[in-house]
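These figures come from a predicted structure and were not determined experimentally.
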Amino acid sequence: RIRLLRKKGTGEQFALKIMEKEPLRQLGILQRAYREVSLHSPALLHNNIVRSFGHTEDDRYLYLLLEFAPMGSLRSLALRFSGRRMPERVVQKVLRQGCEGLGGF
């Protein structure tokens with residue numbers, strides 16, 4: 001789940017991604033969550049990749065503090081067009097941003 005956070009004083013917005021460890025462990029994908037954390041290095045700066053500001057964890061949860069993306073994730077975009085064709089202009093924009101993101105490595 002994702003929570004919207006606002007920094008006091010500035011109103012700057014952040015996304016806090018909260019991942020419960022036990023269900024991930026039962027599905028055998030907890031290591032995938034840790035890999036996501038490692039891929040979101042705070043040193044990674046690119047216009048088309050959500051920036052990470054760090055992470056922490058406790059016994060039950062893994063927390064990832066991320067740049068707020070007002071348009072949501074690629075998954076949420078796909079769900080908006082569920083059962084119908086995504087307009088060509090949207091597909092072009094998504095593919096362009098994806099290619100630019102990959103080219104930055």
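Linking ILVMFWY residues whenever their side-chain heavy atoms come closer than 4.5 Å, directly or via other members, places Val90 and Leu95 in the same cluster. Under a hydrophobic clustering in which Ile, Leu, Val, Met, Phe, Trp and Tyr are joined whenever their side-chain heavy atoms come within less than 4.5 Å, directly or via other members, Val91 and Leu77 fall into the same cluster. Leu4 and Leu16 fall into different hydrophobic clusters, where Ile, Leu, Val, Met, Phe, Trp and Tyr are joined by side-chain heavy atoms under 4.5 Å apart, directly or via other members. Residues Val50 and Val37 fall within the same hydrophobic cluster, defined by Ile, Leu, Val, Met, Phe, Trp and Tyr side chains chained together at heavy-atom separations under 4.5 Å.
Every residue meeting the ring-ring contact (aromatic ring centres under 6.0 Å, His included) condition with Phe14, not counting sequence neighbours, appears here in chain and number order: Phe53. Here Glu20 pairs with Arg60 under the salt bridge (charged side-chain N to carboxylate O under 4.0 Å, His left out) rule; sequence neighbours left out. The salt bridge (charged side-chain N to carboxylate O under 4.0 Å, His left out) test applied to Arg1 returns no partner, not counting sequence neighbours.
When all heavy atoms of Met19 and Ala33 are compared, the closest pair comes out as SD-CB, 4.0 Å. Taking both residues in full, the closest heavy atoms of Asp58 and Lys21 are given as O-NZ, 2.7 Å, listed atom of the first, atom of the second, then distance. Heavy atoms only, all atoms of each residue included: Ser52 and Leu64 are closest at OG-CD1, 3.9 Å.
Contact annotation: the side chain of Gln97 never approaches that of Val94 to less than 4.5 Å [non-hydrogen atoms, C-beta and beyond]. Using a 4.5 Å heavy-atom threshold, the side chains of Glu57 and Tyr34 count as touching. Put simply, the side chain of Leu5 reaches to within 4.5 Å of the side chain of Leu65, judged on heavy atoms.
Heavy atoms from other residues, nucleotides or ligands lying under 6.0 Å from CD of Gln92 number more than 12.
Remark: Gln31 CD to Arg25 CZ distance equals 9.5 Å, nearest 0.5 Å.
A donor-acceptor pair is defined here as one N or O able to donate and one able to accept, closer than 3.5 Å; no such pair exists between the side chain of Arg32 and the backbone of Gly28. Under the 3.5 Å distance criterion, the side-chain polar atoms of Ser38 are matched with a main-chain donor or acceptor of Arg35.
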